[in-house]
Protein chains: 2
Amino acid sequence: MYKAYQLIRNAGLKLTPIRKEIILIFEESPRPFTPREVQNLVQKRIGRCGLPGIYRNLEALAGCGVLFRLAGFGRERFYALCREPGTDPHHHHIVCVSCGKVAHVDGCRYHEGMMLGGYRLLSHIVQFEGVCANCQENN
Amino acid sequence: MYKAYQLIRNAGLKLTPIRKEIILIFEESPRPFTPREVQNLVQKRIGRCGLPGIYRNLEALAGCGVLFRLAGFGRERFYALCREPGTDPHHHHIVCVSCGKVAHVDGCRYHEGMMLGGYRLLSHIVQFEGVCANCQENN
DNA sequence: CCTTTAAATGGAAATAGTTTCCATTTATTC
DNA sequence: GAATAAATGGAAACTATTTCCATTTAAAGG
């Protein structure tokens with residue numbers, strides 16, 4: 001994840017042990033995590049760590065393109081790893097409702113500045129839920 | 001909004017004064033509201049009314065297709081009126097960042113059951129932000 | 001109408017996710 | 001190794017949302 005380290009440095013952020021650990025945690029799992037889950041996982045690896053710091057770090061990492069935050073209507077927030085940070089063409093994500101695995105969905109037709117229903121488009125949220133190939137078989 | 005009344009009745013829900021008032025409030029404004037805003041507006045019209053009831057009603061009305069809940073990353077939730085409830089072909093919405101006006105965006109290419117990146121699609125969130133024609137002129 | 005009944009309501013309190021504050025520690029630069 | 005801005009952790013504050021429960025009410029059937 002040296003690419004991630006670059007993104008952090010380029011954003012003027014420090015490369016701290018907790019940030020490295022957070023990146024490793026997301027690297028090693030295909031699924032999204034809540035801030036609380038990240039805290040628990042970090043604590044297992046490097047001892048005590050505060051939830052406020054986790055929140056700050058998840059936002060910081062999302063801000064510099066290492067993570068992204070999932071859209072949804074639940075009360076908890078989820079973050080996942082950008083697996084091709086920086087080099088990505090514009091794309092969105094699909095999450096498996098069974099195992100949580102996140103995959104890319106390419107070919108978004110929307111982009112900033114285009115006209116849409118008489119509006120000038122500024123931003124958009126596109127997010128999918130489905131069942132991944134693996135979970136389709138095992139059910 | 002007789003259509004809305006039908007949707008409420010068809011869902012086995014009661015047509016209460018508060019629900020009628022909530023529908024009117026959304027009817028008279030082109031923009032989304034938070035639960036708190038709805039409470040304030042209802043109180044101005046028919047006196048005291050509790051926030052828990054507003055939450056229950058907004059969810060109930062969204063559940064039967066009268067309202068829908070907007071996606072987003074803010075800490076507050078927003079609801080808006082389905083302006084063609086029931087008869088709508090599948091579509092999404094764009095919200096003006098300046099005045100809040102909501103419009104339809106038709107032509108979604110995604111539907112339940114289709115394959116997408118190896119996943120079988122179950123649901124999706126598509127939500128747009130932009131500047132409406134009116135606000136483009138007046139700036 | 002009048003009765004019955006399940007649903008809706010409002011207020012208070014509980015929950016829970018998130019943010020703020022601040023004193024201390026630490027990564028980075030020179 | 002020293003200087004400095006950023007990061008950290010704990011406690012507390014915030015705030016949106018939900019739960020609980022006693023009371024009221026819409027709707028259905030006599």
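- As a whole-Å value, the separation of B/F78 CZ from D/dT17 P is 10 Å.
- Bounding nucleotides for the chain B contact on DNA chain C, 5' to 3', at a heavy-atom distance below 4.0 Å, are C/dA6 to C/dT19.
- In this structure, the ring of B/F128 has its center no less than 6.0 angstrom from the ring center of A/Y119.
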What side-chain donor-acceptor pairs closer than 3.5 Å can you find for residues 72-81 of chain B, not counting sequence neighbours?
unit_1	atom_1	unit_2	atom_2	d
B/R77	NH1	B/Y79	OH	3.1
B/Y79	OH	B/E59	OE2	2.4

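- Taking the six-membered ring for Trp and the full ring otherwise, the centers of B/H90 and B/H111 sit at least 6.0 Å from each other.
- Within residues 46-56 of chain B, the residues that have a heavy atom under 4.0 Å from DNA chain C are, in order of number, B/R48, B/C49, B/G50, B/P52, B/R56.
- Remark: side-chain polar atoms of A/Q136 are paired, donor with acceptor, to backbone N or O of A/V131 under 3.5 angstrom.
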Pairs under 3.5 Å (N/O, protein and nucleotides 27-30 of chain D):
unit_1	atom_1	unit_2	atom_2	d
D/dA27	OP1	B/R9	NH2	3.0
D/dA27	OP1	B/L15	N	2.9

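- When the C1' atoms of four end pairs are superposed on the next four at each end of the helix from C/dC1-D/dG30 to C/dC30-D/dG1, using five pairs per end, the two resulting axes differ in direction by 50°, to 10°.
- Contacts with DNA chain C (heavy atom under 4.0 Å) in residues 35-42 of chain B: none are found.
- The nearest heavy atom of DNA chain D to A/G12 and to B/R77 marks one nucleotide each, and the one closer to the 5' end goes with A/G12.
- Considering all non-hydrogen atoms of both residues, B/I25 and B/V38 come closest at CD1-O, 4.3 Å.
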